[in-house]
2 protein chains.
Amino acid sequence: MDRRQQKTRDAIFKAFSKLLEQKRYGNITVQEIIDEANIGRSTFYAHFETKDELLKALCTDIFSHVFSDELIAEKTHDFSGGNSDLEAKLTHLLNHLRDSKKNIVGILSCESGELFMRYFKEYLTEVFSKYLNEIKANAPADFVLNHLVGSFAETVNWWIGKNMKYTPEETARYYIEVSCTNRITNKYARKKHIYVHSHEGYQGI
Amino acid sequence: MDRRQQKTRDAIFKAFSKLLEQKRYGNITVQEIIDEANIGRSTFYAHFETKDELLKALCTDIFSHVFSDELIAEKTHDFSGGNSDLEAKLTHLLNHLRDSKKNIVGILSCESGELFMRYFKEYLTEVFSKYLNEIKANAPADFVLNHLVGSFAETVNWWIGKNMKYTPEETARYYIEVSCTNRITNKYARKKHIYVHSHEGYQGI
DNA sequence: AATTATATCGAACAACGTGTTCAATAGCAA
DNA sequence: TTGCTATTGAACACGTTGTTCGATATAATT
């Protein structure tokens with residue numbers, strides 16, 4: 001890619017991110033992005049047809065970093081780890097999100113969060129669907145999958161909104177505890193039709 | 001309230017709802033609302049300062065219907081019903097939402113859903129916080145409360161998006177099953193430090 | 001019914017944002 | 001150097017916004 005293009009694209013992303021920290025997505029104008037990025041008006045439209053396209057590109061950019069390791073790791077996933085495997089994945093994901101904090105905090109505010117969340121949940125659905133057949137509940141599979149994805153997305157949103165007051169490790173553990181304890185079994189147990197508790201067990205405190 | 005005001009307000013709400021079914025909140029203009037409602041430009045601004053104010057008012061309007069019974073019922077809530085009480089409340093709430101389908105489906109689309117969800121979760125937080133001390137998990141109370149509220153809001157959003165393919169009764173039961181089974185105890189059990197399962201019990205299927 | 005109060009109308013207005021065009025300029029690559 | 005391409009900035013037509021104000025229509029009060 002031409003150095004000039006990359007430079008312009010970076011400037012636009014940087015300006016957009018900065019503006020997202022200051023105000024709502026819907027109230028940000030292309031004019032402001034142009035001014036903040038210090039580029040020509042026609043240059044912006046040479047890169048992005050619309051503001052939505054820019055947001056989509058920024059989300060994709062962030063997710064490619066956040067999920068890259070996860071997607072690679074999935075290929076070696078052998079379903080033998082029970083929920084500790086899922087917990088490790090989620091912890092890893094939260095760590096990535098924390099490192100991208102600057103961008104994501106801005107994006108999650110108000111309306112732009114809607115688009116971000118949609119893309120985010122698409123990725124999460126991929127991750128969770130790999131574990132779906134290990135989770136048991138008296139509810140249809142599509143309900144459970146949506147519940148897992150949605151509640152994790154909500155948890156992340158809340159966690160970031162609370163300035164990440166808990167560590168990624170704590171947050172992942174709490175999530176597993178509330179969403180999955182007593183629901184995850186491993187391959188061996190399923191084969192034997194024995195349903196086991198999580199590695200920590202349910203302590204009822 | 002002056003009959004003229006009420007008539008105008010209704011016309012605006014009706015027009016706004018209709019437009020929300022056709023296109024995204026962010027792409028709806030005040031001009032379109034005016035044309036659809038067939039009112040004068042200055043009349044609109046006499047009622048609402050901005051489009052956001054209109055959305056907020058519409059949400060409040062819907063919630064006042066959806067939650068009114070719940071809020072009244074709360075006053076007579078005696079914490080003795082375990083999760084069956086919560087399940088009844090949620091079923092009732094879902095029934096109301098189904099009856100308001102026409103409005104809500106439009107609102108939940110895209111960006112406007114963000115605002116709707118925020119207000120919705122505010123109400124839900126009130127409802128769930130009444131039950132929080134009955135729910136046990138190895139996680140902080142604020143985490144659990146957010147998880148319950150967030151996952152239910154997500155469930156509702158998903159349920160509506162799936163054209164309410166499950167009945168309100170089924171949906172509430174699935175939610176309780178996935179979110180609360182093995183987590184809800186009653187006052188008596190807590191006093192004795194005995195942790196009991198829900199009335200249906202966890203069947204591990 | 002007559003009067004008072006006020007909601008609506010509709011046209012006009014300035015200010016701003018949008019998306020496009022185009023010729024000139026500047027930077028990259030071979 | 002030479003060609004290729006990205007950027008520039010001004011200009012344009014167009015739509016949206018939010019406000020103003022006198023005229024009109026409708027409701028509430030007596």
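Lettering of chains follows the sequences in order, A, B, ..., and the numbering in each one begins at 1.
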Please report the distance, rounded to the nearest Å, between [atom1] in [X] and [atom2] in [N].
{"X": "B/K7", "N": "D/dT26", "atom1": "NZ", "atom2": "P", "result": "8 Å"}
{"X": "A/N27", "N": "D/dT17", "atom1": "CG", "atom2": "P", "result": "12 Å"}
{"X": "A/I12", "N": "D/dA6", "atom1": "CD1", "atom2": "P", "result": "13 Å"}
{"X": "A/I34", "N": "C/dG19", "atom1": "CD1", "atom2": "P", "result": "10 Å"}
{"X": "A/Q6", "N": "D/dT7", "atom1": "CD", "atom2": "C1'", "result": "16 Å"}
{"X": "B/R9", "N": "C/dT8", "atom1": "CZ", "atom2": "C1'", "result": "16 Å"}
{"X": "B/K51", "N": "C/dG17", "atom1": "NZ", "atom2": "C1'", "result": "14 Å"}
{"X": "A/F48", "N": "D/dT7", "atom1": "CZ", "atom2": "P", "result": "11 Å"}

Quiz prompt | Selection from C/dC28, D/dA27, C/dC9 that lies nearest to any side-chain heavy atom of B/D2 | solution = D/dA27

Practice problem: Side chain of B/S42 only, please: which of C/dG19, C/dG10, D/dT19 is the nearest? | Solution: C/dG10

Check whether any side-chain nitrogen or oxygen of [X] sits under 4.0 Å from OP1 or OP2 of [N], and answer yes or no.
{"X": "B/T43", "N": "C/dA7", "value": "no"}
{"X": "A/Q31", "N": "C/dG17", "value": "no"}
{"X": "B/Y45", "N": "D/dG18", "value": "yes"}
{"X": "B/T8", "N": "C/dA7", "value": "no"}
{"X": "B/R4", "N": "D/dA28", "value": "no"}
{"X": "B/H47", "N": "C/dA7", "value": "no"}

Base of [N] paired with side chain of [X] (donor-acceptor, under 3.5 Å):
{"X": "B/T29", "N": "D/dG15", "answer": "no"}
{"X": "A/T50", "N": "C/dG19", "answer": "no"}
{"X": "A/R3", "N": "C/dG27", "answer": "no"}

Quiz prompt | More than 12 heavy atoms from other groups under 6.0 Å of NZ on A/K162 | solution =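 Counting neighbours around NZ of A/K162, 12 or fewer heavy atoms of other residues, nucleotides or ligands fall under 6.0 Å, so no.
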
Exercise. Using a cut-off of 6.0 Å, state whether more than 12 heavy atoms not belonging to A/K18 lie near its atom NZ.
Key: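 Counting neighbours around NZ of A/K18, 12 or fewer heavy atoms of other residues, nucleotides or ligands fall under 6.0 Å, so no.
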
Quiz item: Considering heavy-atom distances to DNA chain D, does B/M1 or A/G40 have its closest nucleotide positioned more toward the 5' end?
Solution: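 On the 5' side of the pair lies A/G40.
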
Exercise. Assess whether ring-ring contact (aromatic ring centres under 6.0 Å, His included) is satisfied between B/H96 and B/F67, documenting all intermediate values.
Key: CA-CA 8 Å; B/H96 270 292; B/F67 281 94; 9.1 Å; no

Quiz prompt | From B/N138 atom CG to B/F143 atom CZ, the distance as rounded to the nearest 0.5 Å | solution =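 With rounding to 0.5 Å, CG (B/N138) is 12.0 Å from CZ (B/F143).
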
Quiz item: When rounded to the nearest 0.5 angstrom, what is the spacing between OH in A/Y174 and OG1 in A/T155?
Solution: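 Between A/Y174 OH and A/T155 OG1, I get 12.5 Å after rounding to 0.5 Å.
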
